[in-house]
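Each remark here refers to the structure printed beneath this line.
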Amino acid sequence: MDYIKKSGDICLKQEDFDLEQTLDCGQAFRWEKTSDGFFGFFLNKPLEIKKEKDYFIFKNTSEEDFLNTWADYFDLSTDYGELKRIFSEDETLSKACSFAWGIRLLKQDKWEALCSFIISQNNNIPRIKGIISRLCEKYGGFPPPEELCASSEEDLAPLRAGFRAKYILDAARKTACGEINLDEISKLDISIARKSLMGICGVGPKVAECALLYGMYRVEAFPVDVWIKRVMERYYPNGLPDYVLPYAGIAQQYLFHYIRNL
DNA sequence: TTCCAGGCGTATC
DNA sequence: GATACGCATGGA
């Protein structure tokens, strides 16, 4: 990793990384644009980050936090240039990678990702962000399942999550009592992991796939929403090329961003 | 007013 | 197993 320390900040040189494409592409919902960058959270740890010339500036960040938290969160050890070279053998993916060149897959928290994508169903991105923002405001940070499951559906009414409130509570209850163990699920064979997650009310194939990809870094997971469905019908009637499948989830990121901006 | 949004549960066949 | 429908909310 190519970085220097400078008056309390970490300054990082990093290829294949664009803040807007990575933080505002619908994979994470707690990042907000600032005048010159982004402000957001991972595990309730705040970060202000911006780009200045060739450097990404991690404001007020210790070397320890950078190496132990943020380098992992931003998946800095993965060579996205190499992935894009592999993907670009395919014509559509080649265009998608050129267009969305700076997307990286964020290694998010398991519980937060699961909860966030439960909220995402039949919803749009600005409203998902609003609900999660009100959730974090209410609990002083993203609530762990133990804290959340002490609440009732009426308690969650101010979030305006609609019919999803009872799904959030079911996920919190099952996770808090150990019926669902996200750490264990993250290591299971993917088809078994899917089934386990779908034991939660409000978690179907799409949300399970998102929990696996965004919360557990299972990069072979391939969430199919309305947009990706359009991509598949139009460009991949016979499925993705075999050489993409081990990283289908990362390919999906490029395709999602591409088709939404076509 | 109607349609749609990073879907899913339920009923019905 | 497939298909139809309702579901809370809010912006277009």
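Each chain gets a letter, A, B and so on, in the order the sequences are listed, and its residues count up from 1.
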Sequence neighbours excluded, every pair satisfying ring-ring contact (aromatic ring centres under 6.0 Å, His included) that has a member inside residues 193-218 of chain A: A/Phe117-A/Tyr214

So the salt bridge (Lys or Arg N to Asp or Glu O under 4.0 Å) pairs with at least one residue in residues 198-221 of chain A (sequence neighbours excluded) are A/Arg194-A/Glu209, A/Arg218-A/Glu220

P-based separation of B/dG6 from C/dA4 [nearest Å]: 23 Å

Is A/Val224 touching bases, backbone alone, or none of the nucleic acid, heavy atoms closer than 4.0 Å? nothing

Got a sec: does the CD of A/Glu15 have more than 12 other heavy atoms crowding it under 6.0 Å? no

Please list, by residue number, the residues of residues 207-217 of chain A whose heavy atoms come closer than 4.0 Å to an atom of DNA chain B; answer none if no residue qualifies. A/Val207, A/Tyr214

Among residues 121-128 of chain A, which residues get a heavy atom nearer than 4.0 Å to DNA chain B? A/Gln121, A/Asn122, A/Asn123, A/Asn124, A/Ile125

B/dG9 and C/dG10: how far apart are their P atoms, nearest whole angstrom? 23 Å

Around atom CZ of A/Phe256, are there more than 12 heavy atoms from other residues, nucleotides or ligands closer than 6.0 Å? yes

Residue pairs, two or more places apart or on separate chains, that pass side-chain hydrogen bond (donor to acceptor under 3.5 Å, both in side chains) and touch residues 111-121 of chain A: A/Arg30-A/Glu112

With sequence neighbours left out, write down each residue that passes side-chain hydrogen bond (donor to acceptor under 3.5 Å, both in side chains) with A/Lys51, or none if nothing qualifies. none

Please list, by residue number, the residues of residues 151-164 of chain A whose heavy atoms come closer than 4.0 Å to an atom of DNA chain B; answer none if no residue qualifies. A/Phe163

State whether the number of non-hydrogen atoms from other residues, nucleotides or ligands found under 6.0 Å of A/Asn261 atom CG is greater than 12. yes

Enumerate the residue pairs fulfilling side-chain hydrogen bond (donor to acceptor under 3.5 Å, both in side chains) with a member in residues 231-241 of chain A, sequence neighbours excluded, ordered by first and then second residue. A/Asp90-A/Tyr236

If the C1' atom of C/dG11 is compared with that of B/dC8, how far apart are they to the nearest Å? 23 Å

CZ of A/Phe41 to CD1 of A/Ile132, rounded to nearest 0.5 Å, is 13.0 Å

Worked check of side-chain hydrogen bond (donor to acceptor under 3.5 Å, both in side chains) between A/Asp75 and A/Thr78: CA-CA 6 Å; A/Asp75 198 18; A/Thr78 296; 2.8 Å; yes

If you look at every strand shown and take non-hydrogen atoms under 4.0 Å, does A/Gly202 touch a base, only sugar-phosphate, or nothing? sugar-phosphate

Suppose the criterion is salt bridge (Lys or Arg N to Asp or Glu O under 4.0 Å): which pairs have a residue in residues 118-129 of chain A, not counting sequence neighbours? A/Asp24-A/Lys129

Interface limits on DNA chain C, where chain A has a heavy atom under 4.0 Å of a nucleotide atom: C/dC7 to C/dG10

Any base atoms under 4.0 Å from A/Ile119, or only sugar-phosphate, or nothing? Heavy atoms, all strands. nothing

Reading DNA chain B in the 5' to 3' direction, which nucleotide is the first one with an atom under 4.0 Å from a heavy atom of chain A, and which is the last? B/dA5 to B/dG9

What pairs of donor and acceptor atoms, side-chain ones from residues 133-142 of chain A against any protein atom, are under 3.5 angstrom apart with sequence neighbours left out?
residue, atom, partner, partner atom, Å
A/Arg134, NE, A/Leu159, O, 3.0
A/Arg134, NH2, A/Leu159, O, 2.9
A/Lys138, NZ, A/Asp155, O, 3.3
A/Tyr139, OH, A/Ser151, OG, 2.5

